[in-house]
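A, B, ... follow the sequence lines: proteins, then strands. Residue 1 opens every chain.
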Amino acid sequence: MAPPVRYCVPGERLCSLEEGAAGSGTYTRHGYVCAALAGCLVKTSEDGALPVVSVVRDAESQLLPDVGAIVTCKVCSINSRFAKVHILYIGSTPLKSAFRGTIRREDIRATEKDKVEVYKSFRPGDIVLAKVISLGDMQSNYLLSTAENELGVVVAHSEAGAQMVPISWCEMQCPRTHSKELRKVARVQPEFLQT
Amino acid sequence: MALDHRRVPGPEESQAPLLYAAPGEAGTDAPGREAAALRPLLARAGLLSQAEGSAYVELAGGTKVLCAVRGPREAAEGRGRLLCEFRRAPFSVRGARPRPGPATAARERELGLALQEALAPAVRLARYPRARLELTALVLQDGGSALAAALSAAALALADAGVEMFDLVVGCGLCRAPGPGGAWLLQPSEAEERAAAARLTVALMPGLNQVAGLLGSGQGGPPESWAQAVRLGLEGCQRLYPVLRRSLLRAAERRAAEGPRAVGASA
């Protein structure tokens, strides 16, 4: 650990643009890199390139869902056109307050979009991995998509109340009653497999 | 024993309340004070555990403002918004309590809007789409220049909450002494403010050297007088900035010392 850690406040000039590039927590103005956060200053230099100047805080408390981010959400209601979800995590960072999102029917899977039915893909209470495709316009909220193999339902409970086991990309089975239920199942990543 | 309701049940002897006033309380508004003198300022950031960010600013002579920031939360509208609320505690003013009612609420709303207008240029709201930041400034004691103290405290609280900002905001209050040749006084006390012919609050972004907000009222005399007042106020803001900056740095250091993850990331 480098002993002299420099702290800075918003608006403080850190260096000129020739000396470093603006990283996270900074902005550029009049050819200078200025701090946008109150935190400690970090310079990461790669060989040959300009050092990247950024300001970091201990907790990424101010994270907001962004386009392209993978989020973990919980389905709270479904109808024939879309499923409404609450966004709980962005990547692996928990959100302090839940944001609402919508998964439309045509964004549930990538192929045969016209044959998708929402109630055969999600049920209220499911935990779903999804990707943010739009921040939405004035009326709608965050638009999410599960149209990738790795996205979809990761945790679901059967009608008997047991946690179900995925058996194919579109089916899950209850270990207690052995009944099968339809879901848009996310392919389990190999690094998460327990062997 | 039955109580006689027609009788005032007070003590038999009574004394004037002035006997119990603290010595020197009436003499705070010394007439021959220096116009550009600033009241000593105390600032602390990050003292509330419930809010994401908080700050407390106290001016010597009894102005105490506590500020808290919550958010970002989900907003109904598409753009990022900053919502400011300015409230006075019922015990904040000396004398009779302000009666809660539409007039008091309208005045507080007006000051909340002034806060919002002055702080909005300093916050990078474009970084917060579909979210709102809620800011509450609570005046615990109003000893003059309460809005200016609230402005400084609000900027500290926003920075403490980790909201991305272009710059801090420093507020400074002024008032013009009554009379034809009244001079502008920096950071007036409550008595000076009550007697003043005109009042002005200036907000400055000191790093960028831009004026963030201006709120004035009253009869300030010729336009040159107002221009001089603004210059004086901006100068006062620049002199207050190092104090606020130091308090924010101290809060950042304290937070880094508490969270070992930050040290690991910075090493």
Side-chain angles (χ1 to χ4, degrees), chain A residues 1-14 22 24-30 32-44 54-67 86-87 90 95-101 132 134-143, chain B residues 45-46 52-53 70-80 122-124 127-131 133 155-156 158-170 205-210 241 244-267:
Chain A
M1 178 191 151
V5 182
R6 189 182 152 195
Y7 291 90
C8 51
V9 299
E12 209 171 294
R13 263 184 203 177
L14 302 176
S24 67
T26 63
Y27 65 98
T28 56
R29 179 181 288 250
H30 303 318
Y32 285 94
V33 179
C34 300
L37 290 173
C40 66
L41 188 68
V42 175
K43 270 190 186 179
T44 50
S54 49
V55 179
V56 296
R57 290 170 60 85
D58 53 337
E60 284 289 325
S61 55
Q62 306 298 321
L63 208 59
L64 287 179
D66 204 358
V67 173
H86 281 161
I87 303 173
I90 301 173
L95 282 172
K96 282 199 173 153
S97 63
F99 283 74
R100 280 172 297 179
V132 181
S134 154
L135 301 184
D137 51 15
M138 290 305 266
Q139 294 91 31
S140 65
N141 34 37
Y142 286 100
L143 282 181
Chain B
E52 267 89 1
R70 290 177 186 85
R73 301 251 179 88
E74 182 174 29
E77 283 87 32
R79 285 178 56 241
V123 178
R124 300 181 75 188
R127 302 277 294 179
Y128 297 93
R130 310 198 58 83
L133 299 160
L156 280 187
L158 281 168
D160 181 57
V163 173
E164 290 206 23
M165 299 169 79
F166 288 115
D167 202 351
L168 284 181
V169 174
V170 185
M205 294 193 274
L208 307 174
N209 206 15
Q210 286 181 0
Y241 176 55
L244 301 174
R245 184 171 169 268
R246 217 172 307 130
S247 75
L248 197 53
L249 287 178
R250 209 178 303 133
E253 276 165 30
R254 192 163 358 106
R255 206 179 309 109
E258 280 166 12
R261 281 195 301 142
V263 181
S266 65

Item to check | Residues, nucleotides or ligands: over 12 heavy atoms within 6.0 Å of A/Y32 OH | outcome: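 No.
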Checklist entry - Is the charged tip of B/R130 near the ring of A/F99: under 6.0 Å from the six-membered ring centre and within 45° of its axis? => result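 Judged by the rule, B/R130 and A/F99 form no cation-pi pair.
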Item to check | Heavy-atom pair with the smallest gap, counting every atom of A/Y7 and B/A256 | outcome: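 Heavy-atom minimum between the residues: OH-CB, 3.1 Å.
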Item to check | Shortest non-hydrogen separation from A/L64 to B/P72 and the atoms involved | outcome: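 Reported closest heavy-atom pair: CD2-CG, 3.9 Å.
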Checklist entry - Contact part of A/R29 toward chain B, heavy-atom cut-off under 4.5 Å: side chain, backbone, both or neither? => result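 Only the side chain of A/R29 comes within 4.5 Å of chain B.
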Item to check | Region of A/T26 that comes under 4.5 Å of a non-hydrogen atom in chain B | outcome: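 For A/T26, the contact with chain B is made by the backbone alone.
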Checklist entry - Sub-3.5 Å donor-acceptor pair from the side chain of B/E74 to the main-chain atoms of A/R100, do we have one? => result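 Judged by distance alone, yes, a pair lies under 3.5 Å.
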Next on the checklist: Using a 3.5 Å distance criterion without hydrogens, assess whether the side chain of B/R255 forms a donor-acceptor pair with backbone atoms of A/G39.
Outcome noted: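 Checking the backbone N and O of A/G39 against the side chain of B/R255, no donor-acceptor pair under 3.5 Å is found.
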Item to check | A/C34 and B/D167, any side-chain heavy atoms less than 4.5 Å apart | outcome: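 A side-chain contact under 4.5 Å is absent here.
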Can you tell me how far apart [atom1] ([X]) and [atom2] ([Y]) are? Round to the nearest 0.5 Å.
X	Y	atom1	atom2	answer
B/L248	A/E12	CG	CD	9.5 Å
A/R57	B/D160	CZ	CG	6.5 Å
A/S97	B/R70	OG	CZ	12.5 Å

Next on the checklist: At a 4.5 Å cut-off on heavy atoms, which part of B/R73 comes close to chain A: side chain, backbone, both, or neither?
Outcome noted: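 For B/R73, the contact with chain A is made by backbone and side chain together.
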